[in-house]
Amino acid sequence: MFRSHTCGKLRVENINTEVTLAGWVQTVRKFGSITFVDLRDRYGITQLLFNENLNAELDANPLGREFVIQVKGKVSERSNKNLNIPTGEIEIAVESFSILNKSITPPFTIQDDTDGGDELRMKYRFLDLRRNAVKKNLELRYAVGRSARNYLHENEFMDIETPFLIKSTPEGARDFVVPSRMNAGQFYALPQSPQTFKQLLMVSGYDRYYQIVKCFRDEDLRADRQPEFTQIDCEMTFVEQEDIIQMFEKMIRRIFKDVKNIDYNEAIEKITWEEAMWTYGNDKPDIRFGMKLNNLKFPAHTFPTKVDISATIKSDFAVFNEAETVIAFCVQNCNDYSRKQTDELVEWVKRPQIGMKGLAFIKCNVDGTFKSSIDKFYTEEQLKNIATTCHAVAGDLILILAGAEEKTRKATSDLRMHMGTTLGLRNANDFKLLWVVDFPLFEYAEEDNRWVARHHPFTSPKPSDINTMINNNPKIENAAEYLKHPYANIKANAYDMVLNGNEIGGGSIRIYQKELQQKMFAALGMDDAEQQHKFGFLLGAFEYGAPPHGGIAFGFDRLCSILGGSESIRDFIAFPKNNSGRDVMIDAPSTIDNKQFEELQIKLDFKD
RNA sequence: GGGUUGGUAGUUCAGUUGGUUAGAAUGCUGCCCUGUCACGGCAGAGGUCGCGGGUUCGAGUCCCGUCCAGCCCGCCA
């Protein structure tokens, strides 16, 4: 053995023990004839004391940062203690040492507050991983995974592996494809999720399955999106929506307890998709703060159950009159915003990413009067009405956006989040869970004038909507009025779990009858031959006693990053890819040898 | 595909209106130092200002193009 203890282990009770330690040199502090060295490993830092009789040997074998060394010596009490670290009361009086391996000077400091930038840290990720800050994130990730596994194991879930080399089905995200040498001209796809396999496992009778599994999607990246990512993928047989919700609420509460020692005992609110869009402009709202949206004018066909109150804003103001939608929300205690601050908000919504033409505001003065950017179109009485509608009181600021429905709703949602962040209402240590349910089953795809599955094609409609689906022709005769098609109102038996404005999990009760599945594929524009080609195996399996089933998948990386208080999932992945999908450490992707192309019988044909 | 911010010493950054030898901190090297733990002191080395082109007497600075990186929109069932 190279060591008797780790560098985080020794305490005052070990004084006078003879020990052997091994680790990396964090720092060398030389004081004339004595030298201090901080020795680091995964478990901590232990100070080494080299006294004067080792000077000759140190001069002959000088130590540098990140050298790997082994020391033998006696644990002794420090004369000056450092209570900032667990081992700070002791040090090792070194009797002998050996250099196991040298290191060249690292390109950045291996410290909690490193001087290295992101790019360099990624290139030398193996050094970055030595840092405490990164190590803590990977430890948190391990803890989340362990907690989930323990919970699922205790509840009879069985971990079953599914293949990575599967069949491409260009529905949904773009597939990563892998050429097959033995089947020239044919390709595997890497799974976007093990969806069909876990359903087949249900058909096989493995009634509770889970897998913490890699999934692959060839789409553009973000701070919270990687081309390969990990899901906690789960499926259950003989369940309804509420069974899944109960089971996995408990799992999340367990993870909060195990990982963060948080007793998340409060009830987790359920909100319908329509209500979420109406109230927050968003299907994954952050409900840690209010600022609920007030729809002053909206297209009734989008939210048929809501009441139009556009009379509130009746005036000569062309912008509001011509807008499809007018949405306002109230920011508490911000009526003292300066001209500069309101101008900044106007500029913020005019950025290309938001793309609004402007922003109206009403300041509710403490004396009960109003000051507004739309003063000349509205009387004091009307402004007061709008304020009342927005639940604003004296001292508040009302922000109003107007324009096309979808764009305006999204912009208002973005502005609400922006205000939440600006006002410090989005604390990374506050956690608020939410279920969003009753999503539309279909979405309208304008370019093809057809329906696409909002969740995925295996999601079943709400039981009450099954007849609507079966008894109507999915074909859209009048593109302009697609919202009047019966399919537009079919709700999915699906649910998303939202944490602090992030979708951390989503699932559905699946279709398990062959006929309904065929109807679904047909609704998505697949004829019988195409259905058979792409999903014949699934339709076939449904003929042999497929049980009712459903499931859910959690975004493991994202869940970890939120629990760790970070916006970026890269911090929680040992070897992540950069914005362009590159691994800058191993320099992948890369070209391959001509021999490999020949074996695969593939020729490149670059466009320009 | 689009928007936006950045690229200067090993590293993190500053660099004014276009004008002398491009700076600081940290790291590195050497010397000094017996209680440090962000040790301290002194000295030193270290630069293709991302790359290419242009404007100019003169470009790190202005213009055009391009590459790389970060964030966002589109996209992501």
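Side-chain atoms are counted along with the backbone in the values below, which use heavy atoms only and exclude waters and symmetry mates. Because the structure is predicted, anything quoted here is derived from the model rather than measured. Residue numbers begin at 1 in each chain, while the letters A, B, ... track the order of the sequences.
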**Student:** Within the stacking criterion (centroid distance below 5.5 Å, interplanar angle below 30°), does A:Phe36 stack on B:rU36?
**Tutor:** yes
**Student:** Are side-chain heavy atoms of A:Arg558 and A:Phe572 found at a separation under 4.5 Å?
**Tutor:** no
**Student:** What nucleic acid atoms does A:Leu49 come within less than 4.0 Å of, heavy atoms only: base, sugar-phosphate, or nothing?
**Tutor:** base
**Student:** Pick one: which of A:Gln517, A:Glu235, A:Gln199 meets side-chain hydrogen bond (donor to acceptor under 3.5 Å, both in side chains) with A:Arg510?
**Tutor:** A:Glu235
**Student:** Looking at A:Thr109, I'd like to know whether one of its side-chain N or O atoms comes within less than 4.0 Å of OP1 or OP2 on B:rU11.
**Tutor:** no
**Student:** Once you apply a heavy-atom cut-off of 4.0 Å, does A:Asn82 come out as touching a base, just sugar-phosphate, or nothing?
**Tutor:** base
**Student:** Nearest whole Å is fine: how far is B:rC71 P from A:Ile354 CD1?
**Tutor:** 17 Å
**Student:** Just to be sure I understand the rule, does A:Thr459 reach a base, reach only the sugar-phosphate, or reach nothing, if contact means heavy atoms closer than 4.0 Å?
**Tutor:** nothing
**Student:** Can you check the A:Leu221 CG to B:rG2 C1' distance for me, whole Å?
**Tutor:** 17 Å
**Student:** Taking the side chain of A:Glu91 as heavy atoms from C-beta outward, which of B:rC68, B:rG35, B:rG3 is closest to it?
**Tutor:** B:rG35
**Student:** The side chain of A:Glu219 lies closest to which of these nucleotides: B:rG35, B:rC75, B:rG27?
**Tutor:** B:rC75
**Student:** Have a look at A:Arg454 and say if it touches a base, only the backbone sugar-phosphate, or nothing, with a 4.0 Å heavy-atom cut-off.
**Tutor:** sugar-phosphate
**Student:** With a 4.0 Å cut-off on heavy atoms, is A:Arg78 in touch with a base, just the backbone sugar-phosphate, or nothing at all?
**Tutor:** base
**Student:** Mind checking A:Asn578 for me? I need base, sugar-phosphate or nothing, with any heavy atom below 4.0 Å counting as a touch.
**Tutor:** sugar-phosphate
**Student:** Would you say B:rG70 has OP1 or OP2 under 4.0 Å from some side-chain N or O of A:Arg570?
**Tutor:** yes
**Student:** First locate atom CD of A:Glu91, then atom CG of A:Asp38, and finally report the distance between them rounded to the nearest 0.5 Å.
**Tutor:** 10.5 Å
**Student:** Starting the side chain at C-beta, find the nucleotide from B:rU34, B:rG74, B:rG10 nearest to A:Ser33.
**Tutor:** B:rU34
**Student:** Could you please name the partner base of B:rG6, counting Watson-Crick and G-U wobble pairs only when both distances are under 3.5 Å?
**Tutor:** B:rC68
